[in-house]
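Quick note on labels: first sequence line is chain A, next is B, and so on, each numbered from 1.
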Amino acid sequence: MAHFSNAAGEGFDGSGISGGDLLRHWNLEKNALAVKVNGELKDLNVILEEDALVEPVTAESPEGLEMLRHSASHLLAQAVLTLFPGTKYAIGPAIKDGFYYDFEVAGQIAEEDLPKIEKEMARLAKEKTPLSREVLPRAQALDLFKEQGQIYKTELIEALEDEHISCYRQGDFIDLCRGPHVPHTGFLRAVKLLSLAGAYWRGDENNIMLTRIYGTAFPDKDSLKAYLERLAEAKRRAHQKLGKELDLFSLHPEGPGFPFFHPKGMVIINRLVDFWRQEHIRRGYCEIKTPLILNKDLWLQSGHWDHYRENMYFTEIDEREYAIKPMNCPGGILVYNSRLRSYKEFPLRMAELGTVHRHERSGVLHGLMRVRCFTQDDAHLYITPEQIKDEILGVMDLAKYIYSEVFSFKYSVELSTRPEKAMGDPAMWDMAEKALQEALEESRTPYRINEGDGAFYGPKIDFHLEDCLGRTWQCGTIQLDFQMPEKFDMTYVGRDGQQHRPVMLHRTVYGSLERFFGILIEHYAGAFPYWLAPVQVKILPVSEDHLDYAREVEKNLRCRGCRTEIDVRDEKLGKKIRDAQMEKIPYMFVLGDRENEERTVAVRERTAGDLGSKTLEEMLELLAQEFSPFSL
RNA sequence: GCCAGCGUAGCUCAGUUGGUAGAGCAGCGCACUCGUAAUGCGCAGGUCAACGGUUCGAGUCCGUUCGCUGGCUCCA
């Protein structure tokens with residue numbers, strides 16, 4: 001950090017060096033792309049106020065990296081305009097891990113053009129053209145872009161209220177931009193274009209679809225290379241790929257979006273369910289099950305017919321219309337309403353592993369993460385208004401326990417507020433939003449507000465987990481609902497003997513078993529912890545002679561609930577070990593003459609390797625020490 | 001749904017400017033009876049996603065449909 005002054009003295013004026021030049025010099029020595037002046041990010045050629053506090057911003061800092069990528073997007077636009085004259089350019093920001101730029105390309109652009117564009121960018125970078133800021137009067141800026149037929153830029157300027165428009169110029173390329181930017185294009189020497197995609201202008205599907213080019217930029221070639229390797233590694237652990245390799249699940253054209261679970265996948269799903277049941281019993285939930293198909297009247301009453309019809313599947317029974325449930329709540333409400341309820345039952349926590357079907361648009365399907373048939377670990381809590389906060393806190397505690405303690409996930413939390421197509425009284429919405437917010441504040445949970453993203457019947461708290469490429473997926477959710485109790489005329493008898501309206505809380509923790517499973521596969525890269533592993537111990541007889549002893553050991557393990565298999569193939573030991581390793585099985589027991597005589601097993605662990613010889617009793621003790629969320 | 005790319009044996013992939021389909025792994029059989037990450041030999045396996053068109057001739061070119069992947073929009 002340094003103090004600079006433009007004031008007279010120190011020979012600035014006398015020596016003919018301006019404060020700006022001095023600053024530039026000082027910062028280039030420090031390898032800075034920009035500076036923070038009194039905490040604010042500025043270009044290197046900023047004109048300093050008297051006694052400004054100045055810090056260099058290097059390419060390695062988060063701000064520097066973002067700037068680098070933003071500047072790279074300008075370079076991309078310049079290259080595309082050079083190679084595809086007549087192209088209209090829209091917007092090009094830096095994003096997490098990179099940048100993009102949207103174009104209406106003159107002619108055709110294909111993925112195979114990317115190397116050509118990269119080459120042009122490299123050429124332009126070599127020229128070290130300065131990126132300079134130009135502030136134009138509004139009318140002049142408008143004329144400038146209008147002349148070139150840049151309709152997207154003029155539309156953007158028209159939306160701005162400023163008198164003066166900030167632009168950045170590099171050579172003959174000029175872009176509407178707030179900045180700041182790197183001093184010259186020479187800083188953009190580690191840039192890679194990644195993919196081509198369609199994107200609607202201003203994110204509205206009624207608008208024209210532009211061509212988006214994604215890329216990334218790093219301070220140097222080594223860190224770019226490291227990033228690309230990370231991407232490749234992430235692709236190797238994609239759940240679709242591992243699901244096939246480890247024989248966990250499959251998807252078929254016969255049922256797009258309807259996953260099939262194989263025996264090994266079912267072991268994991270069932271473990272998740274067993275654990276879920278245990279934890280819910282402990283936390284005072286009961287469990288119900290409701291039908292998959294219910295008649296149309298129910299969905300009319302719930303509001304799904306009006307708000308959710310386009311995502312529902314329908315069928316006909318005895319010439320009457322039925323719907324396949326897209327959500328579990330209406331069924332759950334029928335259980336609630338099946339008899340008179342008392343406040344003494346409250347908080348009434350009814351869980352349901354409910355399988356739902358939703359007609360998702362074909363383009364959004366994604367492995368197990370976005371499917372058309374999935375099982376929610378749903379629950380509906382029927383409570384009094386006074387119980388709202390405690391119950392929300394209770395669910396948040398459960399989510400934290402499962403995400404953080406059991407699975408060591410990092411997760412983010414969002415509060416989604418009233419959407420446009422909301423049902424019901426705005427005052428109720430305000431109250432519900434406030435209750436959720438209070439619970440978040442009280443539990444000191446960091447969260448982001450997602451304006452207008454709530455469910456049609458109520459606001460919600462969402463829990464998001466990351467997949468291996470850093471994409472986030474909503475898993476758990478807590479939704480506060482005052483609408484359904486009205487619609488279904490739900491009541492309970494209070495202490496005063498009068499009928500009251502309950503409040504309803506919808507919630508999930510896994511979200512959907514399918515999605516959570518997909519994320520788990522990637523989280524563990526297929527090497528599931530002992531308590532989830534489809535096969536926990538693989539028994540490897542050295543030769544056929546040791547099969548009898550192998551069966552004896554297998555029986556012993558099975559009796560104690562251990563999931564075990566013998567590799568009975570007529571193969572060499574090395575091959576059996578390799579295959580067990582590829583299957584990511586936690587333990588291998590090697591059995592040969594020695595073990596047979598000593599009544600021991602030679603233990604190999606998938607990451608630690610050889611653990612030496614152990615008696616079966618010693619081994620069972622070791623296995624018992626493996627982490628398990630079960631406490632039976 | 002929209003944009004782009006892809007679809008060849010169970011899996012991973014090769015297949016010249018259009019001339020009639022190939023490897024490795026997996027599977028099956030035989031031999032070997034094996035000590036810590038791949039034993040050898042053999043056999044079998046394909047309406048080249050589907051349908052239509054161009055052509056004497058299509059895995060290859062064109063069109064349509066389906067599916068998958070990456071995005072966009074959407075996502076209770």
Side-chain angles (χ1 to χ4, degrees), chain A residues 100 102 105 108-114 194-214 235 238 240-241 244-245 247 250-257 302-304 307-308 310-312 325-329 356 358-367 369-372 376 378 416 419 421 453-460 462 469 471 473-474 477 479 481 484 506-508 511-512 515 540-547 569-582 588-595 602-604 606 609-612:
Chain A
Y100 68 78
D102 285 348
V105 183
Q108 271 270 290
I109 197 163
E111 216 139 311
E112 59 211 39
D113 293 321
L114 295 185
L194 296 171
S195 64
L196 210 60
Y200 300 107
W201 167 236
R202 305 206 128 182
D204 185 336
E205 67 175 321
N206 298 311
N207 288 341
I208 185 172
M209 182 163 268
L210 303 170
T211 303
R212 175 171 296 179
I213 299 177
Y214 282 95
K235 275 184 187 146
Q240 296 98 320
K241 190 174 154 60
K244 191 178 273 178
E245 285 170 7
D247 198 15
S250 56
L251 288 155
H252 302 268
E254 287 82 352
S302 68
H304 286 81
H307 293 90
Y308 202 65
E310 63 280 11
N311 276 301
M312 291 168 68
K325 68 174 173 184
M327 287 182 54
N328 303 302
C329 28
V356 297
R358 297 181 185 176
H359 181 250
E360 303 289 354
R361 297 213 266 179
S362 59
V364 308
L365 300 178
H366 182 96
M369 305 295 202
R370 188 89 179 261
V371 290
R372 285 176 170 157
Q376 294 182 300
D378 216 342
S416 296
K421 55 175 185 177
D453 218 26
F456 72 79
Y457 49 73
K460 57 179 189 170
D462 291 333
L469 285 173
R471 292 173 292 213
W473 297 91
Q474 182 197 314
T477 179
Q479 300 169 3
D481 178 6
M484 294 296 155
H506 310 241
R507 50 110 281 184
T508 62
S512 96
R515 177 176 290 181
L540 311 180
V542 172
S543 81
E544 272 176 8
D545 297 341
H546 312 106
L547 267 179
R569 295 174 308 167
D570 181 15
E571 292 286 354
K572 288 190 154 180
L573 182 61
K575 169 74 167 165
K576 293 181 186 181
I577 287 173
R578 177 182 159 82
D579 288 347
Q581 197 74 44
M582 303 288 267
M588 292 166 235
F589 289 1
V590 175
L591 308 182
D593 286 337
R594 199 159 57 234
E595 287 72 23
V603 180
R604 232 188 110 97
R606 68 183 155 192
D610 199 350
L611 297 186

Can you tabulate the close N/O pairs, meaning under 3.5 Å, that link protein atoms to atoms of nucleotides 12-15 of chain B?
none

Protein-nucleic acid N or O pairs under 3.5 Å, nucleotides 66-73 of chain B:
{"unit_1": "U69(B)", "atom_1": "OP1", "unit_2": "Q240(A)", "atom_2": "NE2", "d": "3.1"}
{"unit_1": "U69(B)", "atom_1": "OP1", "unit_2": "G367(A)", "atom_2": "N", "d": "3.4"}
{"unit_1": "G70(B)", "atom_1": "OP1", "unit_2": "R471(A)", "atom_2": "NH1", "d": "3.3"}
{"unit_1": "G70(B)", "atom_1": "OP1", "unit_2": "R471(A)", "atom_2": "NH2", "d": "3.4"}
{"unit_1": "G70(B)", "atom_1": "OP2", "unit_2": "H366(A)", "atom_2": "ND1", "d": "2.9"}
{"unit_1": "G71(B)", "atom_1": "OP1", "unit_2": "R471(A)", "atom_2": "NH1", "d": "3.3"}
{"unit_1": "G71(B)", "atom_1": "OP2", "unit_2": "R471(A)", "atom_2": "NH1", "d": "3.1"}
{"unit_1": "G71(B)", "atom_1": "O3'", "unit_2": "Y214(A)", "atom_2": "OH", "d": "3.1"}
{"unit_1": "G71(B)", "atom_1": "O2'", "unit_2": "Y214(A)", "atom_2": "OH", "d": "3.1"}
{"unit_1": "G71(B)", "atom_1": "N2", "unit_2": "G198(A)", "atom_2": "O", "d": "3.4"}
{"unit_1": "C72(B)", "atom_1": "O4'", "unit_2": "G198(A)", "atom_2": "O", "d": "3.0"}
{"unit_1": "C72(B)", "atom_1": "O2'", "unit_2": "Y200(A)", "atom_2": "N", "d": "3.0"}
{"unit_1": "U73(B)", "atom_1": "O2'", "unit_2": "E205(A)", "atom_2": "OE2", "d": "3.1"}
{"unit_1": "U73(B)", "atom_1": "O2", "unit_2": "R361(A)", "atom_2": "NH2", "d": "3.0"}

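Atom C1' of nucleotide A38(B) and atom CG of L540(A) are separated by 14 Å, given to the nearest angstrom. Note: CZ (R578(A)) to C1' (C34(B)) measures 18 Å, nearest angstrom. Here the C1' atom of nucleotide U36(B) and the CG atom of L573(A) are 5 Å apart, to the nearest Å. In this structure, R569(A) atom CZ and A38(B) atom P are separated by 13 Å, rounded to whole Å. For E571(A) and C41(B), the CD to P distance is 14 Å, given to the nearest whole Å. Per the geometry, CG belonging to L210(A) stands 17 Å off P belonging to C2(B), to the nearest Å. If you measure from atom CE of M582(A) to atom C1' of A26(B), you get 12 Å, rounded to the nearest angstrom.
R515(A) is linked by a side-chain hydrogen bond (donor to acceptor under 3.5 Å, both in side chains) to nothing, counting only residues two or more places apart in sequence or in another chain. Residues meeting the side-chain hydrogen bond (donor to acceptor under 3.5 Å, both in side chains) test with Q240(A), sequence neighbours left out: none. For E571(A), there are no salt bridge (Lys or Arg N to Asp or Glu O under 4.0 Å) partners two or more places apart in sequence or in a different chain. Qualifying salt bridge (Lys or Arg N to Asp or Glu O under 4.0 Å) partners for E205(A), counting only residues two or more places apart in sequence or in other chains: R361(A). Every salt bridge (Lys or Arg N to Asp or Glu O under 4.0 Å) that D462(A) has, sequence neighbours left out, goes to K460(A). Applying the salt bridge (Lys or Arg N to Asp or Glu O under 4.0 Å) criterion to D481(A), with sequence neighbours excluded, gives no partner residue. Scanning for side-chain hydrogen bond (donor to acceptor under 3.5 Å, both in side chains) contacts around R471(A) gives D467(A), with sequence neighbours left out. With sequence neighbours excluded, no residue forms a ring-ring contact (aromatic ring centres under 6.0 Å, His included) with Y200(A). Considering only residues two or more places apart in sequence or on other chains, R569(A) meets the side-chain hydrogen bond (donor to acceptor under 3.5 Å, both in side chains) condition with D567(A), D579(A).
Applying the 4.0 Å criterion to OP1 and OP2 of A26(B), one finds that K575(A) has a side-chain N or O inside that range.
The aromatic rings of Y457(A) and H506(A) sit parallel, their planes meeting at an angle under 30°, below the 60° perpendicular limit.
Across the interface with RNA chain B, nearest-nucleotide mapping of R606(A) and G454(A) shows R606(A) to be the residue nearer the 5′ end.
Across all strands shown, D593(A) has heavy atoms under 4.0 Å from base atoms, whether or not it also approaches the sugar-phosphate.
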**Bracket notation of RNA chain B in which parentheses pair within the strand, [ ] cross earlier pairs, and | pairs with another strand (Watson-Crick or G-U, under 3.5 Å)** = (((((((..((((.....[..)))).(((((.......))))).....(((((..]....))))))))))))....
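Taking 3.5 Å as the limit, the base of G5(B) and the side chain of E112(A) contain no donor-acceptor pair of atoms between them.
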